[in-house]
Each structure stands twice: as C-alpha cells, then as structure tokens.
Enquirer: 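I have a structure here, written as structure tokens, and I will follow up with some questions on it.
Small disclaimer: the values here were computed from a predicted structure and weren't measured. Counting starts at 1 for both ligands and their atoms, in listed order. The analysis underlying the following values was restricted to heavy atoms, covering all of them including side chains, and did not include hydrogens, waters or symmetry mates.
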Amino acid sequence: MKKKIKKIVIKVGSSLIANYKTGSPKLNWMNSFINDLDYLLKKKIKIIIVSSGAIAIGRKKIGFLKKKLNLDEQQAAASVGQIYLVNNYKKAFNKKRVEISQVLLTLEDTIKKEKKVNAKKTLNKLLEKRIVPIINENDTVATDEIKFGDNDRLSARVAEIIKSDLLILLSDVSGLYDKDPKKSKKAKLIKEVKSINKFTIKAASFTNNHFARGGMKTKIMAAKIATNAGCGMVIVNGNTKKIIQKIFEEEEGTYFHPKKRKKNN
Ligand code: GLU
C-alpha cells in the first residue's frame, strides 16, 4: 500500500459528518479531518472527497427531525442539507487556502459511457488545478442509491474512472472482523484481504453497523469495484485521531489489495 500513491479518493460516512438524531453537524470532526489532510497535501497527493451527510444535516433544517423519512422527504432533506454540507467543507478548506468544488453524480453517471467520460474529464481538470472536488450522490434523482445509501459504491466508481491508487472508506467501524466482535472477545480485525471470497462476505455480515445506511455489504461491493480496477481500498474508523496519517505510517483498518490494472483500463 505504501507504494507511490498519487491520487486518493476518501469517502466520508454520514455518522462522521452529523449527529443523525439531532441533525447537528460535527464541525470539530470536520476541522480535524481537514487538518489531517495536510499530510497528503504536503506530499502533493491529489484528493477527491465523496461525502455523505446531506440528509443527516438537512432533516433538521427542513423540520423532519422526529420522523422516519420517505424517499421524497429524504431527497428534499438532502437538497437543503447539501448546501450546509459543502459550506462546512468550504470554511474548513479555506483555512488551508485550498479551493474546493461541488460535484453531484449518480451511480449511473459513472457507468454509462458518455456521462462517465464527462465526469472523468471534469474531475481530472479539477485535480490538475489542485482543487479538491467534494462529491455526493445527486439525491434528487438517485432513487435506487438513496435507498441503498450508497456513496460506498459511488466512491469506488469514482476511484475507477480517475484511476485512483487508493480508496479510503472513513466509517464508524474499524474494519472487518473474523468473528462477531459483539459476541466474541476473541474477534480479531482482519488486517488485509488479498481476494474477496466467501470468508470475506461472512466477515462482512459480522461487522454490520445498523446505523449506517450501506453497512458492510456496500463496502464489500465497493472493494470489488475498486480492487478490480487496480485501486487498493482500506476501511478505517474515521473517529481515530490523525487517521489519514496513521493509514500510511501504521497498520490501520482492513486493507484490500488491488488487482493488476488492465492495460486498457
Ligand atoms: N447521499 C446521502 C447524503 O448525503 C447519503 C448516502 C450514503 O450514506 O451513502 O445524505
């Protein structure tokens, strides 16, 4: 993993961005995350962020805090919350004098040829200009994905189209375990996965976090997409201090080895 890394996609889960129950943004977390990115910026590594959190923030602003939201209510909440989400990133990055951009995509946009080419060109241009794109699902039209809560897969597709060297999934779980950590004290963190097989799928079922939208299932789907495209992936706990630096300097979370990149890929 510590081979030459030039491009990184970092996916940030909703639970790190805001408290779902109160709808309050976790600004301290965001500021320390952006400070942690200094480690990559100093090495001139290009960064793309795929961030969830629009619904979690928006549901308070729109007055939907107390209820379980229908699809159209989630979409409306995302539309309101997205502005606050990106504004929070903008304020935090401004302190570093780093410019950001907003990109809203659906999973389909990263798969269908013509749209994929456009997304790729835009993202590469932004990276060339040292701008950090902040991507989220285009929730207004992304009905299937919103039901899945699937920025995990979206981030893997983005990693694929920009030929990223590493995809980091920042979550509130520490990675995959070999047994259910809630049931067994002997449960151990799986440090690396060389190929995704039935044992990996089983491990994913132990480590599901029922508060997360996608949970481990979509993270494994993301790992398949990323590793097949020649991009390594790591699942780590975003609540760990200086996690980005630790990924490079210590062994953190569960690392999925990439497959060899195909020549035409
Ligand atoms: N796009 C949704 C949001 O920003 C979340 C989707 C997900 O959690 O993957 O709130």
Side-chain angles (χ1 to χ4, degrees), residues 9-27 29-30 33 48-65 67-90 92 100-111 119 132-159 167-173 204 207-226 233 235-239:
V9 176
I10 304 173
K11 187 256 168 176
V12 183
S14 290
S15 64
L16 300 168
I17 292 291
N19 179 319
Y20 195 76
K21 278 193 185 148
T22 64
S24 316
K26 297 181 177 172
L27 296 177
W29 182 86
M30 185 173 285
F33 165 56
I48 286 192
I49 295 177
V50 177
S51 182
S52 303
I55 300 173
I57 297 177
R59 60 197 285 274
K60 180 184 182 185
K61 305 283 177 195
I62 205 169
F64 286 159
L65 210 49
K67 59 197 288 252
K68 197 172 179 309
L69 305 188
N70 302 327
L71 185 57
D72 56 348
E73 290 168 339
Q74 289 187 53
Q75 289 169 313
S79 173
V80 174
Q82 179 66 19
I83 300 174
Y84 290 89
L85 176 67
V86 172
N87 200 27
N88 292 341
Y89 273 110
K90 187 163 168 34
I100 64 161
S101 79
Q102 174 187 259
V103 177
L104 297 178
L105 292 173
T106 62
L107 202 56
E108 197 192 6
D109 298 334
T110 60
I111 298 170
V132 177
I134 313 285
I135 302 179
N136 198 354
E137 291 161 319
N138 189 354
D139 286 326
T140 306
V141 290
T143 51
D144 279 348
E145 293 89 329
I146 217 175
K147 277 184 219 152
F148 270 110
D150 208 354
N151 267 347
D152 291 330
R153 266 194 302 172
L154 183 68
S155 63
R157 289 287 176 204
V158 168
L167 167 62
I168 300 175
L169 298 188
L170 291 184
S171 162
D172 53 5
V173 290
T207 333
N208 239 333
N209 167 357
H210 50 273
F211 292 116
R213 291 171 156 270
M216 265 309 153
K217 200 172 143 207
T218 53
K219 289 183 177 45
I220 299 301
M221 287 160 104
K224 275 191 190 159
I225 298 168
M233 188 187 103
I235 303 173
V236 289
N237 193 329
N239 288 310

Enquirer: How far apart are the closest heavy atoms of N136 and Q82, and which atoms are they?
Expert: ND2-OE1, 3.0 Å
Enquirer: With atoms numbered from 1 as shown, which atoms in ligand 1 lie under 4.0 angstrom from a non-hydrogen atom of S52?
Expert: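 Matching atoms, with element in brackets: 4 (O), 5 (C), 6 (C), 7 (C), 8 (O), 9 (O).
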Enquirer: Which ligand 1 atoms does N136 reach within 4.0 Å, using its non-hydrogen atoms?
Expert: 1 (N), 3 (C), 4 (O)
Enquirer: Where the side chain of R157 meets the backbone of I225, is there a donor-acceptor pair that is under 3.5 Å apart?
Expert: no
Enquirer: Quick one: list whatever passes ring-ring contact (aromatic ring centres under 6.0 Å, His included) with F33, sequence neighbours left out.
Expert: W29
Enquirer: Does ligand 1 come near enough to E137 that some N or O of the ligand is less than 3.5 Å from an N or O of the residue?
Expert: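 Looking only at distances, the answer is yes, because the N/O contact criterion of under 3.5 Å is met.
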Enquirer: Using only atom types and a distance under 3.5 Å, with no angle test, would you say the side chain of N88 pairs donor to acceptor with the backbone of L85?
Expert: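 Checking the backbone N and O of L85 against the side chain of N88, no donor-acceptor pair under 3.5 Å is found.
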Enquirer: Any idea which atoms of ligand 1 are less than 4.0 Å away from a heavy-atom of D150?
Expert: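 Near D150, meaning under 4.0 Å from one of its heavy atoms, ligand 1 has 9 (O).
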Enquirer: Is the closest N or O pair between N151 and ligand 1 shorter than 3.5 Å?
Expert: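 There is such a contact, yes.
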Enquirer: For A78 and ligand 1, answer yes if some heavy atom of the residue is under 4.0 Å from a ligand atom, otherwise no.
Expert: no
Enquirer: I want to confirm something. Looking only at heavy atoms, which of D152, I55, L154 is nearest to atom 10 (O) of ligand 1?
Expert: I55
Enquirer: Is the backbone of D72 close enough, under 3.5 Å, to the side chain of N70 for a donor and an acceptor to pair up by distance?
Expert: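 The answer is no, because no donor-acceptor pair under 3.5 Å joins these two groups.
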Enquirer: Testing the basics here: between I55 and A78, what is the closest heavy-atom pair and its distance to 0.1 Å?
Expert: CG1-CB, 3.7 Å
Enquirer: Could you tell me whether some N/O pair between G53 and ligand 1 is separated by less than 3.5 angstrom?
Expert: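 Yes; the residue has a nitrogen or oxygen that sits under 3.5 Å from a nitrogen or oxygen of the ligand.
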